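The block underneath contains the structure these notes are about, expressed in structure tokens.
Computed from a predicted model, the values in this text were never measured in an experiment.
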Amino acid sequence: MSNARELSEMMKDVIISIHTTHACDMDDEDTLEFTTDGLYTYDGETACLSYLETEVTGLEGTRTSLIVTPEQVVVDRDGMITSRMVFKERERSSFLYNTPYGTATMNMNTRRIGRRLDEHGGDVEIDYVVDMEHTVVTRNRFTLKITEQEQMGEYTNG
């Protein structure tokens, strides 16, 4: 695997389409979809992705970074909200969720991770449950579609 400096030099401009679904119970499901610019690199095994959150997500002022490997997906948030979530399929983990209003320790159980990535982008999907003190807070599905900006330009300019 390349070092962090080499990866940052290979970053490409991408368009990221994000679709999230949160369900507190079977009858109450919220869906959020938005598109944003980001940076992406892939070294044949590890994909790195970074983008700024917006007011649409409620996380404005926060940078979200993903590192996707064959074993796990790490989601780091830094800014107004800070957290580091490590997703490993069929494994339970804990993370600190820091906000301007306080810090909470959350637990999550990763149900499934799907990934199809290459040097041009691809898809990542994470299905997981968040709980606090053994009570389910939300069931979540987080899907990213990553497309190189040059590829997008071929469709819009050509």
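- At a threshold of 4.5 Å between non-hydrogen side-chain atoms, the residues Leu117 and Asp123 do not count as touching.
- A pairwise comparison of heavy atoms in Met132 and Ala104 identifies SD-CB, 4.2 Å as the closest pair.
- Considering only heavy atoms from C-beta on, Arg84 comes within 4.5 Å of Val74 through its side chain.
- Ionic pairing of Arg77 and Glu53 is present here: one or more N-O contacts between side-chain nitrogen and carboxylate oxygen are shorter than 4.0 angstrom.
- In the hydrophobic cluster analysis, where Ile, Leu, Val, Met, Phe, Trp and Tyr join through side-chain heavy atoms closer than 4.5 angstrom, Leu66 is grouped apart from Leu52.
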Evaluation steps, side-chain contact (heavy atoms from CB on, under 4.5 Å), between Met80 and Thr99: CA-CA 6 Å; Met80 291 295 290; Thr99 74; over 6 Å; no
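- Through direct or relayed side-chain contacts under 4.5 Å between Ile, Leu, Val, Met, Phe, Trp and Tyr, Val129 connects to Val136.
- Side-chain contact between Val75 and Thr64 is present, with at least one heavy-atom pair separated by less than 4.5 Å.
- At a threshold of 4.0 Å, the pair Asp131-Arg92 counts as salt-bridged, since one of the basic side-chain nitrogens sits closer than that to a carboxylate oxygen.
- Here Met11 contributes atom CE and Cys48 contributes atom SG; the two are 6.0 Å apart, rounded to the nearest 0.5 Å.
- Using modelled atom types, one finds no donor on one side chain facing an acceptor on the other under 3.5 Å when comparing Thr110 with Glu89.
- In the model, Asp76 has no side-chain atom that pairs as donor or acceptor with a side-chain atom of Ser65 under 3.5 Å.
- Residues Thr20 and His22 come closest through the heavy atom pair OG1-NE2, 3.8 Å.
- By the side-chain contact (heavy atoms from CB on, under 4.5 Å) test, Thr138 is found to be paired with Cys24, Val130, Asn140, residues two or more places apart in sequence or in another chain being considered.
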What do the steps show when you test Ile18 against Phe142 for side-chain contact (heavy atoms from CB on, under 4.5 Å), and what is the final call? CA-CA 7 Å; Ile18 301 169; Phe142 179 71; 4.0 Å; yes
Given Leu49 and Leu144, is the side-chain contact (heavy atoms from CB on, under 4.5 Å) satisfied, shown in steps? CA-CA 10 Å; Leu49 175 69; Leu144 297 171; 3.6 Å; yes
Please list, one pair per line, the donor and acceptor atoms closer than 3.5 Å that link side chains of residues 30-40 to other protein atoms, with sequence neighbours excluded.
residue, atom, partner, partner atom, Å
Glu33, OE2, His19, ND1, 3.4
Tyr40, OH, Asp118, O, 2.7

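- With sequence neighbours excluded, no residue forms a side chain to side chain donor-acceptor pair (under 3.5 Å) with Arg115.
- Judged purely by atom type and a 3.5 angstrom limit, Thr62 has no side-chain atom pairing as donor or acceptor with the backbone of Gly79.
- Put simply, the side chain of Lys145 does not reach to within 4.5 Å of the side chain of Thr143, judged on heavy atoms.
- Taking the side chain as every heavy atom from C-beta outward, Asn109 and Asn107 never approach each other to under 4.5 Å.
- Under the side chain to side chain donor-acceptor pair (under 3.5 Å) criterion, Arg63 pairs with Ser50, sequence neighbours left out.
- Tyr97 places a side-chain heavy atom less than 4.5 Å from the side chain of Ile81.
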List the steps, then state whether side-chain contact (heavy atoms from CB on, under 4.5 Å) holds for Tyr42 with Val68. CA-CA 9 Å; Tyr42 180 79; Val68 183; over 6 Å; no
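- Counting heavy atoms of neighbouring residues, nucleotides and ligands inside a 6.0 Å radius, atom CE of Met106 exceeds 12 of them.
- Taken together through direct or relayed side-chain contacts under 4.5 Å among Ile, Leu, Val, Met, Phe, Trp and Tyr, Leu96 and Met108 form parts of separate hydrophobic clusters.
- Residues passing the side chain to side chain donor-acceptor pair (under 3.5 Å) test with Gln72: none are found, sequence neighbours excluded.
- In this structure the side chain of Tyr128 never reaches within 4.5 angstrom of the side chain of Arg111, judged on heavy atoms.
- A donor-acceptor pair under 3.5 Å is formed between the side chain of Lys12 and the backbone N or O of Glu119.
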